[in-house]
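Report on the structure given below.
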Amino acid sequence: MEDVLRIGGQELTSRLFLGTGKFSPNSLIPEAVRSSGAQVITVALRRVDQGSEEENIASFVPGDCIMMPNTSGARNAGEAVRIARLARAAGYGNWVKIEVITDNRYLLPDNFETIKATEILAAEGFVVLPYMSPDLVAAKKLVEAGAAAVMPLGAPIGSNRGLKTRELVRILIEEIQLPVIVDAGIGRPSEASEAMEMGAAAVLVNTAVATAGDPVAMARAFGLAVEAGRTAYLAGLGATRQYASASSPLTGFLSD
């Protein structure tokens, strides 16, 4: 059975998106990408230095992957739009992950400014994937603004705390007619699998892989977990019950 994720005219067979921040050294990135099977790789434009191959994070992304610059560092819609335009002018394609953050403690996204940036960039032909707090009203406005997907956070960025917004993400999956990609906070492969079992279209992972003892092995673990969760979702999970339900008939016992 065909099971591909379609975003911005692209067909993806991997539902794991991989971030490139925090890898040390950067030379681990290509192997981690291959190990995970990820096809969409995010990079922060402020880490792209075309004058230095060793420092240029983009030079470590395999050429057959879709590079998705993010607008990390943007504090309002105008800055996000400017970063996205710079990325496209520099040759990094038209996919962009919108990040607009003004909260310095929890690094929570500003949904209002994100919606404004999405509307502008979608009208300019960008494939816009906005990072957002999982709010249904905001998600609907992002759909109207032309987003190609929505990316609700599971927990604060880099926290590895897991799917703390589970119920809100579930509502988005149920109500939004766009791919829902869980981004930020996923710390364990089991949490990525849980998101996929719920019906998320994909998950984006960075810190949990990059800061693992063996990032390449952890990347593979996440790739397998996402595949397992997706397969379970498609298979249809069994119903949960409050009380026991015998798996064998309660008749035909041996008599004394």
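In what follows, residues are counted from 1 in the order of the sequence shown.
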salt_bridge([X], [Y]) N-O dist < 4.0 Å:
X	Y	value
E113	K116	yes
E119	K141	no
D3	R15	yes
D64	R34	yes
K140	E144	no

Decide whether [X] and [Y] are clustered together by the hydrophobic rule: side chain heavy atoms of Ile, Leu, Val, Met, Phe, Trp, Tyr closer than 4.5 Å, transitively.
X	Y	value
I181	L153	no
F23	V43	yes
V33	F60	yes
M218	M196	yes
M132	I7	no

* Structure fact -> Result for side-chain contact (heavy atoms from CB on, under 4.5 Å) between Y131 and one of I157, L204, N70 points to I157
* Pick out which of V96, I83, N94 makes a side-chain contact (heavy atoms from CB on, under 4.5 Å) with R88. => N94
Got a second to check how far [X]'s [atom1] is from [Y]'s [atom2], nearest 0.5 Å?
X	Y	atom1	atom2	answer
Q39	E11	CD	CD	10.5 Å
L16	S36	CG	OG	5.0 Å
M198	I173	CE	CD1	4.5 Å
E174	Q177	CD	CD	10.5 Å
L163	R170	CG	CZ	12.0 Å
F126	R85	CZ	CZ	7.5 Å

* Structure fact -> For P69 and W95, the nearest pair of non-hydrogen atoms, with its separation, is CD-O, 3.2 Å
* **Residue pair T207 / T211: nearest heavy atoms and the distance that separates them** => O-OG1, 2.6 Å
Would you call [X] and [Y] a side-chain contact if the rule is heavy atoms closer than 4.5 Å?
X	Y	value
L136	I176	yes
L129	I98	no
Q10	I66	yes
I41	F17	no
P156	L107	no
L237	E197	yes
L28	V216	yes
L12	V40	yes

* To do: Please check if any side-chain donor atom of K97 sits under 3.5 Å from a side-chain acceptor atom of T42, or the reverse.
  => no
* **Full working for side-chain contact (heavy atoms from CB on, under 4.5 Å) between D110 and I101** => CA-CA 6 Å; D110 183 327; I101 294 174; over 6 Å; no
* Does CZ in R6 sit with more than 12 non-hydrogen atoms of other residues, nucleotides or ligands closer than 6.0 Å? -> yes
